[in-house]
Peer 1: 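My questions all concern the structure below.
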Amino acid sequence: MRAILVGLAVLLPAVAFAGAPQFGFQSWFGGFDKAELQVGFATYQANCARCHSLNLVSPGDLQSLGLTPAQVTALLAKGKPPALSKTKPDAGGAIAGDLSLYEAGHRRGAAAVFDLMTGYRPALPNMTMLPGHYYNIAYPGGQIAMAPALQPGSVMLADGKAASVPVMAHDVAAFLAWTADPTLDERKATGLRAIFFLLVLGVVGFVVMATRMTR
Ligand code: HEC
């Protein structure tokens with residue numbers, strides 16, 4: 001018995017940490033962090049919008065991130081030409097696809113985008129690089145036809161400081177999780193209410209049964 005308890009005490013935290021979510025909304029009860037999503041949207045506008053579209057996102061959706069219509073308009077103007085627009089082929093025939101649902105179709109979701117954004121390294125001396133490609137340790141094959149996109153100093157945080165590359169990578173990854181699954185928060189709230197209801201129902205049922213049996 002004691003061995004089992006000790007085993008559990010060692011294993012459970014290990015399991016919990018191995019699968020620790022990098023993003024709050026991936027935990028059981030966590031929702032999206034609107035401040036993060038706002039930084040993520042600003043990052044997308046400043047660094048991604050000129051190549052990648054977000055066709056499934058409308059300016060109205062963006063207001064649900066807590067932005068005013070004026071802020072949305074200002075941010076959209078920054079992404080020109082043309083933000084939230086058509087997919088354009090890039091040099092070398094590689095396509096910069098629409099990002100609206102990218103994370104929904106990717107097994108690792110937000111973590112995949114974060115790793116890709118922070119995966120650029122200088123090419124090793126013995127590497128033969130394809131023309132127009134960049135070494136990225138997170139990309140299958142290691143060579144991607146997308147230059148490092150996150151420009152330091154391109155996004156300002158609420159405290160007036162420039163967002164670092166890892167912060168932009170994290171928040172744009174969170175933002176693209178939201179574009180891929182904008183109703184996640186509502187679903188979790190509904191789920192919690194259902195669990196609460198079932199618990200109360202269970203307790204009531206138990207009390208009714210117990211009082212009947214003691215009669
Ligand atoms: C200069 C144009 C350009 C910019 C700016 C750009 N991308 Fe890309 N992106 C591309 C191209 C081209 C590809 C396809 C690469 C390939 O097929 O090798 C791509 C591919 C991708 C992919 C798919 C990788 C895969 O698994 O196939 C993701 C995700 C992505 N970009 C995210 C972003 C994000 C996020 C930003 C902004 C931080 C961004 N991109 C900025 C051109 C761009």
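Whatever order the structure lists them in is the order used to number ligands and atoms, beginning at 1. The model shown is predicted, which means the values in this text are computed figures rather than measured ones.
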Peer 1: Which is closest to atom 26 (O) of ligand 1 in terms of heavy atoms, Tyr139, Tyr102, Tyr134?
Peer 2: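 The nearest heavy atom belongs to Tyr102.
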Peer 1: Write down the atom of Ser53, the atom of Tyr44, and the distance for their closest heavy-atom approach.
Peer 2: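 Shortest heavy-atom separation between Ser53 and Tyr44 comes out as C-OH, 3.5 Å.
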Peer 1: Can you list the ligand 1 atoms lying under 4.0 Å from a non-hydrogen atom of Asn47?
Peer 2: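 In order of number, 5 (C), 37 (C), 38 (C), 41 (C).
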Peer 1: If you measure from CE on Met129 to CD on Gln143, what distance do you get to the nearest 0.5 Å?
Peer 2: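 The distance works out to 4.0 Å.
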Peer 1: For Met213, look at atom CE and say whether over 12 heavy atoms of other residues, nucleotides or ligands are found less than 6.0 Å away.
Peer 2: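 No, the 6.0 Å shell around CE holds no more than 12 heavy atoms from other groups.
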Peer 1: Going by heavy-atom distance to atom 4 (C) of ligand 1, choose the closest among Ser154, Cys51, Gly105, Ala46.
Peer 2: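 Considering heavy atoms of Ser154, Cys51, Gly105, Ala46, the nearest to atom 4 (C) of ligand 1 sits in Cys51.
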Peer 1: Is it true that Met117 lies under 4.0 Å from ligand 1, counting heavy atoms only?
Peer 2: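 The answer is yes, since Met117 has a heavy atom less than 4.0 Å from ligand 1.
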Peer 1: Can you list the atoms of ligand 1 that are under 4.0 Å from a heavy atom of Leu116?
Peer 2: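 Those atoms are 22 (C), 24 (C), 28 (C), 29 (C).
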Peer 1: Using a 4.0 Å heavy-atom threshold (strictly under), name the region of Gln143 that reaches ligand 1: side chain, backbone, both or neither.
Peer 2: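 For Gln143, there is no contact with ligand 1 at all, from either part.
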Peer 1: Flag Thr43 as yes when one of its N or O atoms lies below 3.5 Å from any N or O atom of ligand 1, and as no otherwise.
Peer 2: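 The answer is no, given that Thr43 and ligand 1 share no N or O pair closer than 3.5 Å.
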Peer 1: Between atom NE2 of His170 and atom OG of Ser164, what is the distance when rounded to the nearest 0.5 Å?
Peer 2: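 Going from the NE2 atom of His170 to the OG atom of Ser164 covers 11.0 Å.
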Peer 1: Between Leu101 and Leu54, is there a shared hydrophobic cluster once you connect ILVMFWY residues whose side-chain heavy atoms come closer than 4.5 Å?
Peer 2: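 No, because Leu101 and Leu54 fall into different hydrophobic clusters, even though each may have its own neighbours under 4.5 Å.
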Peer 1: According to the interplanar angle, ranging from 0 to 90°, do the rings of Phe114 and Phe23 count as parallel (below 30°), tilted (30 to 60°) or perpendicular (above 60°)?
Peer 2: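 Ring orientation of Phe114 relative to Phe23: perpendicular.
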Peer 1: What atoms of ligand 1 come closer than 4.0 angstrom to any heavy atom of Leu150?
Peer 2: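 Per the distance check, 38 (C).
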Peer 1: Starting at CZ of Phe25, measure out to CG of Asp185 and round the result to the nearest 0.5 Å.
Peer 2: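 CG of Asp185 is found 10.0 Å from CZ of Phe25.
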Peer 1: Is there a polar contact between ligand 1 and Ala145, counting only N or O atoms under 3.5 Å apart?
Peer 2: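 By distance alone, the answer is yes.
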Peer 1: Ignoring angles and geometry beyond distance, decide whether His52 reaches within less than 3.5 Å of ligand 1 through its nitrogen or oxygen atoms.
Peer 2: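 Yes.
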